[in-house]
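Presented below is the structure to which this report refers.
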Amino acid sequence: MKKKLCLLLVLFSLSIYHLKAEDGYRLWLRYDKISDRALLATYKTQISGLLIEGKSPTLGVIKDELVNGISGLLDIKFNLLGSTQEHSLIVGTPVTSKAIAALSLPLDKISTDGFLITTQKVAGKNCIVIAANTETGILYGSFHFLQLLQTHKSISQLNIISSPKIQYRLLDHWDNMNRTVERGYAGFSIWKWHLLPGYIDQRYKDYARANASIGINGTVVNNVNANVQLFTKDYLIKVAALADVFRPYGIKVFLSAKFSAPIELGKLKTADPFDETVKDWWKKKVDEIYTYIPDFGGFLVKANSEGQPGPQNYKRTHADGANMLADALAPHNGIVMWRAFVYSNETPTDRTKQAYDEFKPFDGTFKSNVIVQVKNGPLDFQPREPFHPLFGAIHKTPVMMEFQLTQEYLGQGTQLVYEAPLMKEVLDADTYANGKGTTVANIIDGTADHHSLTGIAGVSNIGDERNWCGHPFAQSNWYAFGKLAWDHTESSDEMADDWIRMTFSNDPSFVSTTKKIMLGSRETMVHYMTPLGLHHIMGDGHHYGPSPWSDRLGRADWNPVYYHRADSIGIGFERTTKGSNALEQYSPEVRKIYEDVATCPEEYLLWFHHVPWNYTMRSGKTLWDDLSAKYYSGVNDVRSMQQTWNSIKGKIDNEQFEHVKMLLAVQEKEAVWWRNACLLYFQTFSKMPLPKSVEQPDHNLDYYKSLRFQFAPGNGGNN
Ligand code: BDP
């Protein structure tokens, strides 16, 4: 008897341990039993079984997801039905399902990828119907339905009509072939090239599932600083194996192409896009790719940027280069995403102006399967930048968005920064391009200029760490990106709410407390890193930590001193007519907002103006005092984040709680470091004191300047 009891106790504790050990691998796709008993009972009465007719790889994926998901969440054996019963969940397209075909559903209201979820009578029974025009549409609808259950939403009287606002919703991996990840902070690349195509890692499927669950439909698997080896037959077969895994999940594969591939691989003498042998080489290469991957998506190209080869090497334009590749891809319906992240080697002008200068003149000269990919801001994924002036400047050629989910400039692997507010700020910005209310989102979703080719890309933050993204909260940036790519009108609050519920817990106080941390986190980081419009003052090369004094790199515009321009008079980059006049690239209405120091929103003040240290800010303080106050508030806010996090101890898995707690402690240290290093350095120009009442720097400037981080992550070469 005693023995039995002991055994039971051991088993019980093991099962508790098992239940509680959360390592983040499941992301937001956790299907554990719903703990709210009343809700569980209600759900159980609303879904009796699954009616899904037909067979295909995608239908198989949907079946598995719904059966596993609902069985787990409702703690039942959720069965497949042979016919319509009361409370059936009926899933299909008019082609795959007779039951759906027999209903007159408004499927004309949704696009190819869209879906409907409705409560309605089918053969006289009350049912829930998930319907779409395509199998991918019902896949998205099924994930959406599961998310309703995961987030404890009502499923009675459903009438959801949803279509993605953007056509190409992609992750860009900056993964090198040796499995290092440029600017990656979550371990090595998940692509095990050496084991492909023979060994298919379970992660590939789970990656595809996770992407499909948030509507992502494409992946660029290799770094924009591309290695041509991926274009050899051996490697294309490996890429094809990945494409085979992704296909049932509606995900297409794309590759970053290196412009010099005809020389490096094809042994040609030139990569000149006007040369017939070069054109022919690309055409044959593209045809070959499609023999392995019949639904290959196309190319992403970084050309004539940071040392990458491109058409300008041959005195041709970006359009000439892009169009040559576009011609090779067009017969297969492939596209070219040509990046506008370019700046000249000679640095003739303010770096933030160069992309516009190089692309605006070629508006309308690109082939119809080319889309220009533009980073959210004109510099390089800073904690805060104004929107890129190319949004709204180019009308005839479609323009897509590139966000960076990996936190190169946003605290890398150690800091909790929820990026949705950053992304929303850019998407909601008014370009005034076609009159007031032409937001950046309207431009990239094609509505502003009536483009049907539309796209958005997020530079992936995924690696082979068990929890995918390193910091437990970094997953939220992958999630929010997908959600915004689908529907840019979703709010940061809603997305955080859902993500927290699905990833951690539906406990109301946990949700509200954690959401508070997430929603404030980006602004907090801006305050302790680059307040009031400061930018690019981080460590050279690896971009880790503060280094506003750096002036040693080969070219002026790689150095922080180029950007903050601090001197005895003041600080900031003058981008009005008195300076680089970068403002001329925006619409007159936008220019008007920013050109006057008095009206310029203070969060962009030092981006657009060189302002005297004793200038009176809206707070009534001098610029110096306000800047100091911002740095101090950033640190204080991290400390509040720590306290808030501590208050939820016991509400989630303890290991996860401790993981975040430790990282928040690191973040606090790093915030203090940023504040002290920046203020001590800028003080050498302002010659003004720090507020007396506050915590004084614990080291002197020389100490901060002496710090070196030789092995900072994410800074490996291109391999
Ligand atoms: C910068 C990164 C660099 C990338 C480059 C790019 O520091 O590693 O290669 O952008 O986007 O942010 O091409």
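Positions are given from 1 along the sequence. Order of appearance sets the numbers: ligands from 1, and atoms from 1 within every ligand. Computed over heavy atoms, backbone and side chain alike; hydrogens, waters and symmetry mates excluded.
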Suppose we screen for salt bridge (Lys or Arg N to Asp or Glu O under 4.0 Å). Which residues come up paired with Asp320, at least two apart in sequence or across chains?
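Here no residue qualifies.
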Between Gln407 and Gln415, do the side chains contain an N or O donor and an N or O acceptor separated by less than 3.5 Å?
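No, because no side-chain N or O of Gln407 sits under 3.5 Å from a partner of the opposite role on Gln415.
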Can you tell me if Gln229 and Glu264 form a side-chain donor-acceptor pair at under 3.5 Å?
no
Where at least one partner belongs to residues 387-399, residue pairs that pass salt bridge (Lys or Arg N to Asp or Glu O under 4.0 Å), sequence neighbours excluded
none
Mind checking what makes side-chain contact (heavy atoms from CB on, under 4.5 Å) contact with Ala210, not counting sequence neighbours?
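Listed in chain order: Leu27, Trp28, Leu29, Trp478.
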If the criterion is any heavy atom closer than 4.0 Å to an atom of ligand 1, which residues make the list?
Trp174, Glu182, Arg183, Val224, Asn225, Lys302, Glu306, Arg339, Phe341, Lys375, Asp380, Glu408, Tyr409, His543
Contact summary for Thr219 and Ile251, nearest pair of heavy atoms:
CG2-CG2, 3.8 Å
